[in-house]
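I have placed the structure first, in the form of structure tokens, so that the comments after it can refer back to it.
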2 protein chains.
Amino acid sequence: MPASVTACDTCCAGDLCLFAEGLTVGAGEWERIVQPHGEVRAGRRLYQRNSPLKYIYLVCSGCIKTQRDTPDGSLVISGFHLPGDLLGIDAINNDRYTADAVATVDSEVCRFDYAQLLTHCASHPKIAAKMMTHVTRYAARKDEELAWTMGLNAQRRVLRFFLRLHDSICLQGRSDRETVRIPMRKQDIAHYLRMTPETFSRNLAALRRDGLLELQKNHFVFPDRGLAHAITQI
Amino acid sequence: MPASVTACDTCCAGDLCLFAEGLTVGAGEWERIVQPHGEVRAGRRLYQRNSPLKYIYLVCSGCIKTQRDTPDGSLVISGFHLPGDLLGIDAINNDRYTADAVATVDSEVCRFDYAQLLTHCASHPKIAAKMMTHVTRYAARKDEELAWTMGLNAQRRVLRFFLRLHDSICLQGRSDRETVRIPMRKQDIAHYLRMTPETFSRNLAALRRDGLLELQKNHFVFPDRGLAHAITQI
DNA sequence: CGGTGTATTGAAATTAGTCAACAGAGGTGG
DNA sequence: CCACCTCTGTTGACTAATTTCAATACACCG
């Protein structure tokens, strides 16, 4: 049994980890498939767009952004991946990663050998089912992003972003009223929300003026979560 | 063996059909899981948002749109599903359909009992793998939509829509230079592309003026496919 | 204490949305 | 077969939102 098993006990991925169900440890099975809890420093790249799919990753702590730069020199952030999220799903369909993956803060990830994992899925339906859960969750999230990100004006997109970020982080055991740290740069958020950093900044200022969001440095909290939630529901 | 097996031989879903791989016909297996090639008339609803997931559908011919109306009375089209597409994937994650599914033209769909299919997946890895292919393809498409639909201005979104529609339809055996029919209303396209029907109409007119798209009635063709493709690459 | 990258703010320019009028297609009944 | 109606799509003038360009402030790090 690997040394990291105790680390897994406290990993916030919890139920979402592929090991939580069905995969027996020992006989080299574990070691062939997974390299647990690797560190990724802020700014380091985990994988590169267009490189062949070799591993998928489970985020254990921190935050990984996926991005691609466009021919005209601008940058598109396709997602922020927080603890519990599987990374590399976008590559499954075409065997190549569709974006660069870069840590926005110091992070930890577990690395799974995809080919080995697939072999395993054929004989372990529970792991296959868990994979399916991850992928459909991923699809559902993209669906939702597509539905909301474009349906709302800039100000509501900003508000919604912080609401969802708050949700995600509070799922990891933090209280609802606690102020939480923003684990990425503001311009990354702006690009993710498909607006210029200027527009983002202006709307953030407006949200503070209206008392919908309290923010200082890189920390924020919602004075009235219910109200904020209501506003982003179109 | 069901009467519809001959119909399947000519179905354009082809390789994407869940039966193309691994599921043996006979012993009631087929009949329990699938109702093949049902008709859906234009405007009829296949399933309703928020109703519990019971079936998933494979589009064999025609076009099914998925949509939801917002509290403020407007309509959001989340996707158009053409032959070969699996319908209802969005429901897998939360056991309820997240949108209404409505046929935009007379269509044909095969209906799969989801619970039975899942059971089957546990014992038939090949079907599980095919399901995974569908789901990851769905996710990849959403990813792409999210990346492009928002990154481009209105005119390029319109152009890109027709390019992709053209691609999809030409995959079904039609020639590249053939004029193809638009299988949905223009206002549905507009909503799908997140713009008003007016904006859509204006940009369509602009594309015709610029000679990028030939369009008459409900049929279109690209005078210069390469150019159009280059323009939509940001 | 500067220097670099990041964030904010202001004014002008561009894009898309809104409101309103009109045109065309398709269907129904006389 | 035509008149009428309705739904859909087009076009124009105006308004609102967002981007762009430019200048300035702030924070982190050597």
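Only this structure's heavy atoms are used, side chains among them; waters, hydrogens and symmetry mates stay out. Every chain is numbered from 1 and lettered A, B, ... according to where its sequence line falls, protein lines coming before strand lines. The model shown is predicted, which means the values in this text are computed figures rather than measured ones.
A:Gln216 places its CD atom 17 Å from the P atom of C:dA7, with the value rounded to the nearest Å. Between B:Asn218 atom CG and C:dG24 atom P there is a gap of 17 Å when expressed in whole angstrom units. One interatomic measurement links the two molecules: CZ of B:Arg156 to P of C:dA16, which rounds to 11 Å at whole-angstrom precision. Spacing between atom NZ of B:Lys217 and atom C1' of C:dA25 amounts to 7 Å, rounded to whole angstrom units. In this structure, B:Leu152 places its CG atom 14 Å from P of C:dT15, rounding to the nearest Å.
Ring centroids of A:Tyr55 and A:Phe112 are separated by 6.0 Å or more, keeping the two rings apart. Taking the six-membered ring for Trp and the full ring otherwise, the centers of A:Phe220 and A:Phe162 sit less than 6.0 Å from each other.
Contact of the B:Phe200 side chain with the B:Leu193 side chain is registered, since non-hydrogen atoms from C-beta on lie closer than 4.5 Å.
First and last contacts of DNA chain D with chain B, using any nucleotide atom under 4.0 Å from a protein heavy atom and ordered 5' to 3', fall at D:dT8 to D:dA13.
Heavy atoms of A:Arg194 sit under 4.0 angstrom from primed sugar atoms or phosphate atoms, though from no base atom.
Between A:Ala154 and B:Gln187, the residue anchored closer to the 5' end of DNA chain D is B:Gln187, taking for each the nucleotide with the nearest heavy atom.
Side chain of B:Thr149 to backbone of B:Leu146: no donor-acceptor contact under 3.5 angstrom is found. Judged by distance alone, the side chain of A:Thr136 and the main-chain N or O of B:Ile92 form no donor-acceptor pair under 3.5 Å. B:Arg157 places a side-chain N or O within 3.5 Å of a backbone atom of B:Arg194 that can act as its donor or acceptor partner.
A salt bridge does not link A:Asp90 with B:Lys142: none of the charged nitrogens is closer than 4.0 Å to a carboxylate oxygen. Salt-bridge check for A:Asp188 with A:Arg185: passed, with a basic side-chain N closer than 4.0 Å to an acidic carboxylate O.
Of the residues in residues 198-206 of chain B, those with a non-hydrogen atom less than 4.0 angstrom from any atom of DNA chain C are B:Glu198, B:Thr199, B:Arg202.
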